[in-house]
Amino acid sequence: MHERILIVDFGSQYTQLIARRVREHQVFSEVVTPQRALERAAGDDLKGIILSGGPASAYAEGAPTLPPEILGRGVPVLGICYGMQWICEALGGAVAPGESREYGFTEVEVLARDGLFSGVSARTVVWMSHGDRVQALPAGFQRLARSEHCPEAAVGHLERRLYGLQFHPEVSHTREGVTVLRNFLHWVCGCQHDWSAGDLAGELVARVAAQVGEDGEIVLGLSGGVDSSVVGAICQRAVGRRTHAIFVDNGLLRAGERQLVEETFRDHFELDLTVVDAADRFLERLAGVSDPERKRKIIGHEFIEVFRDEAKRFQRAHFLAQGTLYPDVIESVAAHGGPTAVIKSHHNVGGLPDDLEMDLVEPLRLLFKDEVRELGRFLGLPEEMVARQPFPGPGLGVRCVGECSPERIELLRQADRVVREEFELRGENLDVWQYFAVLTGSRSVGVMGDYRTYEEACAIRAVQSDDGMTADWVYPSRECLQAISSRIINQVRGINRVVLDITSKPPGTIEWE
Ligand code: XMP
(Lines give C-alpha, C1' and ligand atoms only; values in the text may rest on other atoms or scores of the structure.)
Protein backbone atom coordinates (compact mmCIF):
# COMPACT_ATOMS: atom_id res chain seq x y z
CA MET A 1 0.00 0.00 0.00
CA HIS A 2 1.34 3.44 -0.93
CA GLU A 3 1.05 6.55 1.20
CA ARG A 4 -1.66 8.78 -0.21
CA ILE A 5 -2.48 12.47 -0.48
CA LEU A 6 -6.15 13.28 -0.96
CA ILE A 7 -6.84 16.24 -3.26
CA VAL A 8 -10.31 17.74 -3.01
CA ASP A 9 -11.35 19.48 -6.21
CA PHE A 10 -13.25 22.70 -5.56
CA GLY A 11 -13.38 23.42 -9.32
CA SER A 12 -9.97 24.94 -10.00
CA GLN A 13 -8.40 24.85 -13.45
CA TYR A 14 -5.24 23.73 -11.69
CA THR A 15 -6.46 20.70 -9.77
CA GLN A 16 -4.74 18.20 -12.06
CA LEU A 17 -1.63 20.32 -11.89
CA ILE A 18 -1.63 19.92 -8.10
CA ALA A 19 -1.95 16.15 -8.59
CA ARG A 20 0.90 16.23 -11.03
CA ARG A 21 3.14 18.19 -8.63
CA VAL A 22 2.44 15.66 -5.89
CA ARG A 23 3.38 12.83 -8.29
CA GLU A 24 6.58 14.70 -9.11
CA HIS A 25 7.54 14.28 -5.49
CA GLN A 26 6.98 10.54 -5.75
CA VAL A 27 3.83 10.60 -3.68
CA PHE A 28 0.57 9.01 -4.81
CA SER A 29 -2.46 11.29 -4.93
CA GLU A 30 -6.16 10.79 -5.40
CA VAL A 31 -8.44 13.57 -6.70
CA VAL A 32 -12.02 13.54 -5.39
CA THR A 33 -15.09 15.75 -5.51
CA PRO A 34 -16.15 17.48 -2.27
CA GLN A 35 -19.04 14.99 -2.02
CA ARG A 36 -16.67 12.02 -1.76
CA ALA A 37 -14.00 13.72 0.33
CA LEU A 38 -15.04 12.64 3.84
CA GLU A 39 -15.44 9.02 2.83
CA ARG A 40 -11.92 9.01 1.33
CA ALA A 41 -10.35 11.00 4.18
CA ALA A 42 -9.59 7.92 6.24
CA GLY A 43 -7.16 5.03 6.38
CA ASP A 44 -3.57 4.43 7.45
CA ASP A 45 -2.31 5.29 3.98
CA LEU A 46 -3.67 8.86 4.17
CA LYS A 47 -0.84 11.30 4.88
CA GLY A 48 -2.42 14.62 4.05
CA ILE A 49 -5.22 16.50 2.32
CA ILE A 50 -4.96 19.35 -0.19
CA LEU A 51 -8.00 21.50 -0.91
CA SER A 52 -7.84 23.09 -4.38
CA GLY A 53 -8.79 26.59 -5.42
CA GLY A 54 -12.09 27.27 -7.15
CA PRO A 55 -14.14 29.99 -8.78
CA ALA A 56 -16.69 30.44 -5.97
CA SER A 57 -16.71 32.79 -2.97
CA ALA A 58 -16.50 30.94 0.34
CA TYR A 59 -19.26 33.14 1.84
CA ALA A 60 -21.65 32.79 -1.13
CA GLU A 61 -24.75 30.66 -0.93
CA GLY A 62 -24.29 27.31 -2.65
CA ALA A 63 -20.49 27.56 -2.60
CA PRO A 64 -18.83 24.12 -2.57
CA THR A 65 -18.21 22.92 0.96
CA LEU A 66 -17.04 19.97 3.02
CA PRO A 67 -18.10 18.42 6.31
CA PRO A 68 -15.98 20.43 8.79
CA GLU A 69 -14.94 17.23 10.63
CA ILE A 70 -12.47 16.66 7.81
CA LEU A 71 -10.32 19.25 9.59
CA GLY A 72 -10.52 17.42 12.90
CA ARG A 73 -9.03 14.07 12.01
CA GLY A 74 -5.45 14.93 12.90
CA VAL A 75 -4.39 14.68 9.24
CA PRO A 76 -2.47 17.70 7.85
CA VAL A 77 -4.51 19.89 5.50
CA LEU A 78 -3.27 22.47 2.99
CA GLY A 79 -5.88 24.78 1.47
CA ILE A 80 -4.95 26.65 -1.69
CA CYS A 81 -6.78 29.91 -2.55
CA TYR A 82 -10.47 29.00 -2.20
CA GLY A 83 -9.35 25.97 -0.17
CA MET A 84 -7.67 28.28 2.35
CA GLN A 85 -10.70 30.56 2.47
CA TRP A 86 -12.97 27.59 3.07
CA ILE A 87 -10.80 26.42 6.00
CA CYS A 88 -10.89 29.87 7.56
CA GLU A 89 -14.66 30.22 7.16
CA ALA A 90 -15.26 26.73 8.49
CA LEU A 91 -13.22 27.39 11.65
CA GLY A 92 -14.81 30.72 12.54
CA GLY A 93 -12.65 33.20 10.61
CA ALA A 94 -14.00 35.63 8.02
CA VAL A 95 -13.62 35.93 4.26
CA ALA A 96 -14.61 39.05 2.34
CA PRO A 97 -14.02 40.69 -1.02
CA GLY A 98 -10.50 42.20 -1.09
CA GLU A 99 -10.05 45.95 -1.55
CA SER A 100 -8.34 45.19 -4.84
CA ARG A 101 -8.02 42.00 -6.83
CA GLU A 102 -4.61 40.43 -6.94
CA TYR A 103 -3.87 38.74 -10.19
CA GLY A 104 -0.48 37.68 -11.54
CA PHE A 105 3.05 37.88 -10.18
CA THR A 106 3.12 39.20 -6.61
CA GLU A 107 5.95 39.51 -4.13
CA VAL A 108 5.31 38.11 -0.69
CA GLU A 109 7.30 38.48 2.49
CA VAL A 110 7.78 35.22 4.32
CA LEU A 111 7.40 35.69 8.08
CA ALA A 112 8.12 32.17 9.28
CA ARG A 113 10.91 30.58 7.31
CA ASP A 114 10.62 27.08 8.68
CA GLY A 115 8.11 24.25 8.28
CA LEU A 116 6.06 25.01 5.17
CA PHE A 117 8.48 27.75 4.12
CA SER A 118 11.70 25.99 5.02
CA GLY A 119 14.42 26.95 2.52
CA VAL A 120 12.24 29.63 0.85
CA SER A 121 13.67 33.15 0.36
CA ALA A 122 12.59 35.95 2.71
CA ARG A 123 10.93 37.71 -0.22
CA THR A 124 9.66 35.51 -3.02
CA VAL A 125 7.50 35.91 -6.12
CA VAL A 126 4.25 33.98 -6.22
CA TRP A 127 1.25 33.71 -8.55
CA MET A 128 -1.95 35.20 -7.16
CA SER A 129 -5.40 34.95 -8.68
CA HIS A 130 -8.09 36.05 -6.24
CA GLY A 131 -10.73 38.66 -5.52
CA ASP A 132 -11.67 37.52 -1.99
CA ARG A 133 -9.31 37.34 0.95
CA VAL A 134 -9.23 36.13 4.53
CA GLN A 135 -10.08 39.07 6.75
CA ALA A 136 -10.06 37.49 10.20
CA LEU A 137 -8.11 34.41 11.16
CA PRO A 138 -9.73 31.61 13.15
CA ALA A 139 -8.45 30.99 16.69
CA GLY A 140 -4.99 29.46 16.90
CA PHE A 141 -3.96 30.46 13.37
CA GLN A 142 -1.00 32.68 12.62
CA ARG A 143 0.16 34.61 9.61
CA LEU A 144 3.09 32.97 7.77
CA ALA A 145 3.48 35.30 4.78
CA ARG A 146 1.99 38.57 3.58
CA SER A 147 1.85 40.63 0.38
CA GLU A 148 1.13 44.31 -0.09
CA HIS A 149 -2.61 43.81 -0.67
CA CYS A 150 -3.08 40.57 1.17
CA PRO A 151 -1.89 40.42 4.78
CA GLU A 152 -2.98 36.79 5.00
CA ALA A 153 -0.97 35.44 2.03
CA ALA A 154 -0.14 32.28 3.97
CA VAL A 155 -1.52 31.14 7.32
CA GLY A 156 -1.26 28.13 9.57
CA HIS A 157 -2.32 26.46 12.80
CA LEU A 158 0.98 24.77 13.49
CA GLU A 159 -0.22 22.45 16.24
CA ARG A 160 -3.17 21.13 14.27
CA ARG A 161 -1.10 21.11 11.05
CA LEU A 162 -3.70 23.09 9.11
CA TYR A 163 -2.29 25.48 6.50
CA GLY A 164 -3.59 27.88 3.90
CA LEU A 165 -1.96 29.61 0.92
CA GLN A 166 -3.67 32.46 -0.88
CA PHE A 167 -1.29 32.00 -3.83
CA HIS A 168 -0.90 29.00 -6.15
CA PRO A 169 2.21 26.94 -5.36
CA GLU A 170 1.37 24.44 -8.13
CA VAL A 171 1.90 26.80 -11.10
CA SER A 172 5.41 27.34 -12.40
CA HIS A 173 5.04 31.15 -12.05
CA THR A 174 5.37 30.72 -8.27
CA ARG A 175 9.14 30.54 -8.22
CA GLU A 176 9.52 28.54 -5.01
CA GLY A 177 6.17 26.77 -5.20
CA VAL A 178 7.83 23.39 -5.67
CA THR A 179 9.72 23.87 -2.39
CA VAL A 180 6.56 24.87 -0.53
CA LEU A 181 4.69 21.78 -1.77
CA ARG A 182 7.65 19.57 -1.02
CA ASN A 183 7.83 20.97 2.49
CA PHE A 184 4.16 20.22 3.00
CA LEU A 185 4.55 16.64 1.78
CA HIS A 186 7.84 15.94 3.47
CA TRP A 187 7.98 17.94 6.69
CA VAL A 188 4.32 18.44 7.50
CA CYS A 189 2.84 15.14 6.26
CA GLY A 190 5.96 13.05 6.82
CA CYS A 191 5.76 11.36 3.41
CA GLN A 192 8.41 8.78 2.52
CA HIS A 193 8.07 9.41 -1.27
CA ASP A 194 7.37 5.80 -2.20
CA TRP A 195 5.56 6.31 -5.55
CA SER A 196 7.19 5.99 -9.00
CA ALA A 197 6.51 5.96 -12.76
CA GLY A 198 6.56 2.17 -12.44
CA ASP A 199 3.72 2.27 -9.94
CA LEU A 200 1.77 4.59 -12.18
CA ALA A 201 2.27 2.21 -15.12
CA GLY A 202 1.14 -0.71 -13.00
CA GLU A 203 -1.96 1.14 -11.91
CA LEU A 204 -2.90 2.21 -15.43
CA VAL A 205 -2.40 -1.33 -16.75
CA ALA A 206 -4.56 -2.74 -13.95
CA ARG A 207 -7.29 -0.20 -14.65
CA VAL A 208 -7.40 -1.00 -18.37
CA ALA A 209 -7.45 -4.74 -17.59
CA ALA A 210 -10.38 -4.22 -15.20
CA GLN A 211 -12.28 -2.01 -17.65
CA VAL A 212 -11.94 -4.42 -20.57
CA GLY A 213 -12.59 -7.59 -18.57
CA GLU A 214 -11.71 -11.21 -19.25
CA ASP A 215 -12.61 -11.43 -22.89
CA GLY A 216 -13.13 -7.87 -24.16
CA GLU A 217 -11.08 -6.60 -27.07
CA ILE A 218 -9.67 -3.18 -27.75
CA VAL A 219 -9.33 -1.31 -30.99
CA LEU A 220 -6.50 1.14 -30.62
CA GLY A 221 -6.19 4.21 -32.78
CA LEU A 222 -2.46 4.32 -33.32
CA SER A 223 -1.02 7.53 -34.70
CA GLY A 224 2.63 6.63 -34.26
CA GLY A 225 3.09 9.53 -31.83
CA VAL A 226 4.19 9.20 -28.22
CA ASP A 227 0.73 9.20 -26.68
CA SER A 228 -0.95 6.45 -28.65
CA SER A 229 2.25 4.39 -28.58
CA VAL A 230 2.31 4.53 -24.79
CA VAL A 231 -1.39 3.61 -24.76
CA GLY A 232 -0.43 0.68 -27.02
CA ALA A 233 2.19 -0.47 -24.52
CA ILE A 234 -0.32 -0.21 -21.66
CA CYS A 235 -3.03 -2.11 -23.58
CA GLN A 236 -0.57 -4.79 -24.56
CA ARG A 237 0.40 -5.33 -20.93
CA ALA A 238 -3.24 -5.27 -19.87
CA VAL A 239 -4.85 -7.57 -22.42
CA GLY A 240 -2.06 -8.70 -24.77
CA ARG A 241 -3.07 -9.55 -28.31
CA ARG A 242 -6.68 -8.72 -27.60
CA THR A 243 -5.45 -5.26 -28.58
CA HIS A 244 -5.96 -4.57 -32.27
CA ALA A 245 -3.93 -1.55 -33.24
CA ILE A 246 -5.08 0.30 -36.30
CA PHE A 247 -2.83 2.75 -38.00
CA VAL A 248 -4.63 4.83 -40.59
CA ASP A 249 -2.64 6.26 -43.45
CA ASN A 250 -4.94 9.22 -44.04
CA GLY A 251 -2.77 10.77 -46.73
CA LEU A 252 -1.86 13.56 -44.28
CA LEU A 253 1.22 11.94 -42.75
CA ARG A 254 4.75 13.29 -42.64
CA ALA A 255 7.39 11.86 -44.97
CA GLY A 256 8.56 8.42 -43.80
CA GLU A 257 5.90 8.20 -41.08
CA ARG A 258 4.14 5.06 -42.18
CA GLN A 259 7.37 3.06 -42.58
CA LEU A 260 8.65 4.24 -39.19
CA VAL A 261 5.48 3.17 -37.41
CA GLU A 262 5.39 -0.22 -39.13
CA GLU A 263 9.04 -0.93 -38.27
CA THR A 264 8.88 0.29 -34.67
CA PHE A 265 5.77 -1.67 -33.92
CA ARG A 266 7.07 -4.81 -35.53
CA ASP A 267 10.27 -4.56 -33.48
CA HIS A 268 8.92 -3.44 -30.11
CA PHE A 269 5.34 -4.61 -29.72
CA GLU A 270 3.41 -7.80 -29.79
CA LEU A 271 0.18 -6.29 -30.96
CA ASP A 272 -2.10 -7.15 -33.80
CA LEU A 273 -1.29 -4.23 -36.13
CA THR A 274 -3.31 -3.32 -39.20
CA VAL A 275 -2.23 -0.53 -41.52
CA VAL A 276 -5.19 0.86 -43.40
CA ASP A 277 -4.50 2.76 -46.58
CA ALA A 278 -7.27 5.34 -46.51
CA ALA A 279 -5.48 8.25 -48.19
CA ASP A 280 -7.85 8.43 -51.16
CA ARG A 281 -10.89 8.30 -48.92
CA PHE A 282 -9.71 11.21 -46.75
CA LEU A 283 -8.45 13.36 -49.59
CA GLU A 284 -11.67 12.90 -51.56
CA ARG A 285 -13.73 14.10 -48.59
CA LEU A 286 -11.43 17.07 -48.16
CA ALA A 287 -11.58 18.14 -51.81
CA GLY A 288 -12.72 21.73 -52.15
CA VAL A 289 -12.90 22.32 -48.35
CA SER A 290 -10.93 25.26 -46.92
CA ASP A 291 -12.65 26.05 -43.63
CA PRO A 292 -10.38 24.88 -40.76
CA GLU A 293 -13.11 23.58 -38.45
CA ARG A 294 -14.85 21.76 -41.30
CA LYS A 295 -11.57 20.14 -42.26
CA ARG A 296 -11.00 19.02 -38.66
CA LYS A 297 -14.54 17.65 -38.40
CA ILE A 298 -14.24 15.77 -41.70
CA ILE A 299 -10.91 14.23 -40.71
CA GLY A 300 -12.17 13.30 -37.20
CA HIS A 301 -15.35 11.84 -38.62
CA GLU A 302 -13.53 9.84 -41.27
CA PHE A 303 -11.18 8.38 -38.65
CA ILE A 304 -14.12 7.10 -36.67
CA GLU A 305 -15.69 5.63 -39.80
CA VAL A 306 -12.47 3.80 -40.65
CA PHE A 307 -12.23 2.48 -37.10
CA ARG A 308 -15.82 1.35 -37.15
CA ASP A 309 -15.28 -0.55 -40.39
CA GLU A 310 -12.15 -2.19 -39.05
CA ALA A 311 -13.65 -2.95 -35.65
CA LYS A 312 -16.38 -5.03 -37.32
CA ARG A 313 -13.75 -7.71 -37.80
CA PHE A 314 -13.42 -8.12 -34.05
CA GLN A 315 -16.64 -9.35 -32.51
CA ARG A 316 -15.88 -8.39 -28.94
CA ALA A 317 -14.08 -5.14 -29.69
CA HIS A 318 -16.31 -2.90 -27.63
CA PHE A 319 -13.48 -0.64 -26.59
CA LEU A 320 -11.74 2.17 -28.45
CA ALA A 321 -8.38 3.22 -26.97
CA GLN A 322 -7.02 6.69 -27.57
CA GLY A 323 -4.02 8.71 -26.46
CA THR A 324 -6.01 11.65 -25.08
CA LEU A 325 -4.00 13.80 -22.65
CA TYR A 326 -5.11 16.20 -19.98
CA PRO A 327 -4.43 19.41 -21.97
CA ASP A 328 -6.63 18.01 -24.82
CA VAL A 329 -9.42 17.51 -22.33
CA ILE A 330 -9.34 20.96 -20.77
CA GLU A 331 -9.05 22.76 -24.07
CA SER A 332 -11.94 20.88 -25.70
CA VAL A 333 -14.30 20.27 -22.80
CA ALA A 334 -15.48 22.67 -20.16
CA ALA A 335 -14.18 21.49 -16.81
CA HIS A 336 -17.03 20.87 -14.33
CA GLY A 337 -19.61 21.53 -17.00
CA GLY A 338 -18.95 25.27 -16.91
CA PRO A 339 -18.87 27.41 -20.02
CA THR A 340 -15.29 27.21 -21.29
CA ALA A 341 -14.65 28.37 -24.84
CA VAL A 342 -13.71 25.56 -27.22
CA ILE A 343 -10.71 26.78 -29.19
CA LYS A 344 -10.30 23.87 -31.57
CA SER A 345 -12.09 20.57 -31.94
CA HIS A 346 -9.25 18.29 -30.92
CA HIS A 347 -10.01 15.23 -32.85
CA ASN A 348 -9.35 12.85 -29.97
CA VAL A 349 -12.02 14.51 -27.92
CA GLY A 350 -14.43 16.62 -29.91
CA GLY A 351 -15.08 14.51 -33.01
CA LEU A 352 -16.72 11.50 -31.41
CA PRO A 353 -20.30 10.79 -32.40
CA ASP A 354 -22.88 10.07 -29.69
CA ASP A 355 -23.79 6.72 -31.23
CA LEU A 356 -20.25 5.35 -31.11
CA GLU A 357 -21.33 2.19 -29.28
CA MET A 358 -17.78 1.69 -28.04
CA ASP A 359 -16.45 2.52 -24.60
CA LEU A 360 -13.41 4.74 -24.56
CA VAL A 361 -10.18 3.56 -22.99
CA GLU A 362 -8.10 6.64 -22.24
CA PRO A 363 -5.46 5.77 -19.67
CA LEU A 364 -3.49 9.01 -20.16
CA ARG A 365 -6.45 11.33 -19.72
CA LEU A 366 -5.12 12.90 -16.54
CA LEU A 367 -1.46 13.09 -17.51
CA PHE A 368 0.80 15.69 -19.09
CA LYS A 369 3.10 15.07 -22.04
CA ASP A 370 6.35 14.86 -20.12
CA GLU A 371 4.81 12.37 -17.71
CA VAL A 372 3.71 10.28 -20.68
CA ARG A 373 7.25 10.34 -22.00
CA GLU A 374 8.60 9.13 -18.67
CA LEU A 375 5.99 6.41 -18.60
CA GLY A 376 6.97 5.37 -22.14
CA ARG A 377 10.60 5.05 -21.10
CA PHE A 378 9.60 2.96 -18.15
CA LEU A 379 7.52 0.71 -20.42
CA GLY A 380 10.57 0.15 -22.60
CA LEU A 381 9.63 2.16 -25.69
CA PRO A 382 12.61 3.21 -27.82
CA GLU A 383 13.94 6.73 -27.26
CA GLU A 384 13.29 7.79 -30.87
CA MET A 385 9.63 7.15 -30.26
CA VAL A 386 9.40 8.58 -26.73
CA ALA A 387 11.22 11.80 -27.64
CA ARG A 388 9.30 12.46 -30.88
CA GLN A 389 7.75 15.85 -31.28
CA PRO A 390 3.95 15.88 -31.01
CA PHE A 391 2.08 15.48 -34.27
CA PRO A 392 -1.61 16.39 -34.36
CA GLY A 393 -4.24 13.78 -35.17
CA PRO A 394 -5.43 15.70 -38.29
CA GLY A 395 -1.82 15.65 -39.47
CA LEU A 396 -0.62 17.90 -42.23
CA GLY A 397 -4.26 18.85 -42.80
CA VAL A 398 -4.05 21.55 -40.10
CA ARG A 399 -0.77 22.88 -41.48
CA CYS A 400 -2.01 23.28 -45.02
CA VAL A 401 -4.04 26.49 -44.98
CA GLY A 402 -6.74 26.29 -47.64
CA GLU A 403 -7.63 23.22 -49.61
CA CYS A 404 -5.80 19.95 -48.87
CA SER A 405 -5.36 18.79 -52.46
CA PRO A 406 -2.96 15.83 -52.91
CA GLU A 407 -0.52 18.16 -54.72
CA ARG A 408 -0.46 20.77 -51.94
CA ILE A 409 -0.10 18.12 -49.23
CA GLU A 410 2.86 16.68 -51.10
CA LEU A 411 4.45 20.15 -51.34
CA LEU A 412 4.04 20.58 -47.60
CA ARG A 413 5.37 17.09 -46.90
CA GLN A 414 8.56 17.86 -48.79
CA ALA A 415 9.06 21.23 -47.13
CA ASP A 416 8.40 19.69 -43.72
CA ARG A 417 11.01 17.01 -44.34
CA VAL A 418 13.58 19.73 -45.03
CA VAL A 419 12.70 21.66 -41.85
CA ARG A 420 12.95 18.55 -39.71
CA GLU A 421 16.19 17.38 -41.28
CA GLU A 422 17.94 20.73 -40.85
CA PHE A 423 16.85 21.13 -37.21
CA GLU A 424 17.94 17.59 -36.39
CA LEU A 425 21.22 17.81 -38.29
CA ARG A 426 22.31 20.71 -36.07
CA GLY A 427 20.84 19.42 -32.84
CA GLU A 428 18.52 22.46 -32.84
CA ASN A 429 15.56 20.17 -32.23
CA LEU A 430 16.78 19.46 -28.68
CA ASP A 431 14.60 21.25 -26.14
CA VAL A 432 12.26 22.43 -28.91
CA TRP A 433 8.69 21.23 -28.45
CA GLN A 434 7.72 21.25 -32.15
CA TYR A 435 9.35 22.33 -35.40
CA PHE A 436 7.63 21.97 -38.75
CA ALA A 437 6.59 23.62 -42.00
CA VAL A 438 3.26 25.25 -42.76
CA LEU A 439 1.82 25.93 -46.19
CA THR A 440 0.44 29.38 -45.53
CA GLY A 441 -2.13 29.54 -48.30
CA SER A 442 -0.70 32.73 -49.74
CA ARG A 443 1.18 33.03 -53.02
CA SER A 444 3.76 35.55 -53.98
CA VAL A 445 5.75 36.71 -56.95
CA GLY A 446 9.38 35.74 -57.28
CA VAL A 447 12.12 35.58 -59.85
CA MET A 448 14.09 32.42 -60.55
CA GLY A 449 16.69 32.45 -63.27
CA ASP A 450 15.19 35.03 -65.57
CA TYR A 451 11.66 33.86 -65.05
CA ARG A 452 8.81 35.22 -63.02
CA THR A 453 7.35 32.77 -60.52
CA TYR A 454 4.05 32.95 -58.70
CA GLU A 455 4.06 30.21 -56.10
CA GLU A 456 3.19 29.25 -52.54
CA ALA A 457 4.73 30.73 -49.38
CA CYS A 458 5.86 28.34 -46.68
CA ALA A 459 6.37 29.21 -43.00
CA ILE A 460 8.80 27.71 -40.54
CA ARG A 461 7.11 27.17 -37.18
CA ALA A 462 9.18 26.24 -34.13
CA VAL A 463 7.99 26.59 -30.54
CA GLN A 464 9.05 25.85 -27.03
CA SER A 465 6.40 24.68 -24.60
CA ASP A 466 5.91 22.63 -21.43
CA ASP A 467 2.55 21.15 -22.19
CA GLY A 468 1.25 22.64 -25.44
CA MET A 469 -1.10 25.00 -23.60
CA THR A 470 1.17 28.00 -23.87
CA ALA A 471 4.19 28.34 -26.16
CA ASP A 472 7.02 30.70 -27.09
CA TRP A 473 8.40 30.93 -30.59
CA VAL A 474 11.93 29.72 -31.11
CA TYR A 475 14.63 31.55 -33.06
CA PRO A 476 16.64 28.96 -35.04
CA SER A 477 20.27 29.80 -35.91
CA ARG A 478 20.94 31.80 -39.04
CA GLU A 479 22.70 28.78 -40.59
CA CYS A 480 19.68 26.60 -39.96
CA LEU A 481 17.29 29.16 -41.44
CA GLN A 482 19.59 29.70 -44.40
CA ALA A 483 19.81 25.97 -45.15
CA ILE A 484 16.05 25.48 -44.83
CA SER A 485 15.31 28.45 -47.05
CA SER A 486 17.66 27.54 -49.86
CA ARG A 487 16.83 23.83 -49.80
CA ILE A 488 13.07 24.41 -49.89
CA ILE A 489 13.29 26.96 -52.67
CA ASN A 490 15.70 24.87 -54.72
CA GLN A 491 14.24 21.46 -54.09
CA VAL A 492 10.52 21.90 -53.55
CA ARG A 493 9.04 22.98 -56.82
CA GLY A 494 5.92 25.04 -56.13
CA ILE A 495 7.26 27.06 -53.15
CA ASN A 496 9.15 30.26 -53.89
CA ARG A 497 9.13 32.00 -50.48
CA VAL A 498 9.99 30.96 -46.93
CA VAL A 499 9.03 32.99 -43.84
CA LEU A 500 9.50 32.55 -40.09
CA ASP A 501 6.47 32.49 -37.79
CA ILE A 502 7.22 34.55 -34.67
CA THR A 503 3.90 34.23 -32.86
CA SER A 504 3.58 32.91 -29.31
CA LYS A 505 0.59 31.04 -27.88
CA PRO A 506 -1.47 32.89 -26.85
CA PRO A 507 -2.41 34.86 -28.91
CA GLY A 508 -1.54 32.38 -31.69
CA THR A 509 -2.00 28.63 -31.50
CA ILE A 510 0.83 26.23 -32.29
CA GLU A 511 -0.82 24.75 -35.37
CA TRP A 512 -2.12 27.20 -37.94
CA GLU A 513 -5.59 25.67 -38.02
P1 XMP B 1 -2.66 24.23 -30.71
O2 XMP B 1 -2.57 24.35 -32.19
O3 XMP B 1 -4.06 24.06 -30.20
O4 XMP B 1 -1.91 22.86 -30.37
O5 XMP B 1 -1.92 25.29 -29.99
C6 XMP B 1 -1.52 22.46 -29.08
C7 XMP B 1 -0.86 21.10 -29.20
O8 XMP B 1 -1.84 20.11 -29.58
C9 XMP B 1 -1.50 19.53 -30.82
N10 XMP B 1 -2.77 19.38 -31.54
C11 XMP B 1 -3.46 18.23 -31.62
N12 XMP B 1 -3.18 16.99 -31.18
N13 XMP B 1 -5.21 16.19 -32.10
C14 XMP B 1 -4.05 15.97 -31.43
O15 XMP B 1 -3.79 14.82 -31.06
C16 XMP B 1 -5.57 17.41 -32.57
O17 XMP B 1 -6.62 17.59 -33.18
C18 XMP B 1 -4.63 18.48 -32.32
N19 XMP B 1 -4.64 19.80 -32.65
C20 XMP B 1 -3.48 20.34 -32.15
C21 XMP B 1 -0.53 20.47 -31.48
O22 XMP B 1 0.33 19.80 -32.40
C23 XMP B 1 0.21 21.03 -30.29
O24 XMP B 1 1.21 20.14 -29.84
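No hydrogens, no waters, no symmetry mates; every other heavy atom, side chains included, goes into these values. As the structure lists them, so they are numbered: ligands from 1, and atoms in each ligand from 1.
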Parallel, tilted or perpendicular, as decided by the 30° and 60° cut-offs, for the rings of Tyr475 and Trp473
tilted
In terms of the angle between their ring planes, are His2 and Trp195 parallel, tilted or perpendicular, with boundaries placed at 30° and 60°?
perpendicular
Go through ligand 1 atom by atom and flag the ones less than 4.0 Å from a non-hydrogen atom of [X].
X      : answer
Trp433 : 24 (O)
Lys505 : 1 (P), 3 (O), 5 (O), 6 (C)
Pro394 : 13 (N), 16 (C), 17 (O)
Gly468 : 6 (C)
Thr509 : 1 (P), 2 (O), 5 (O)

Nearest heavy-atom neighbours spanning Gly393 and Asn250:
O-ND2, 4.0 Å
How close do Gln434 and Gln389 get, counting heavy atoms only, and between which atoms?
CA-OE1, 3.2 Å
When only distance counts, is Arg399 in polar contact with ligand 1, meaning an N/O pair under 3.5 Å?
no
Does ligand 1 have an atom that lies less than 4.0 angstrom from a heavy atom of Trp512?
no
Closest to atom 11 (C) of ligand 1 among Pro392, Ser465, Pro390, Ser228 (heavy-atom distance):
Pro392
For Arg313 and Thr274, which I'm curious about, is there any donor-acceptor pair between the side chains at under 3.5 Å?
yes
Check whether the side chains of Glu362 and Gln322 place a donor and an acceptor atom closer than 3.5 Å, and report yes or no.
yes
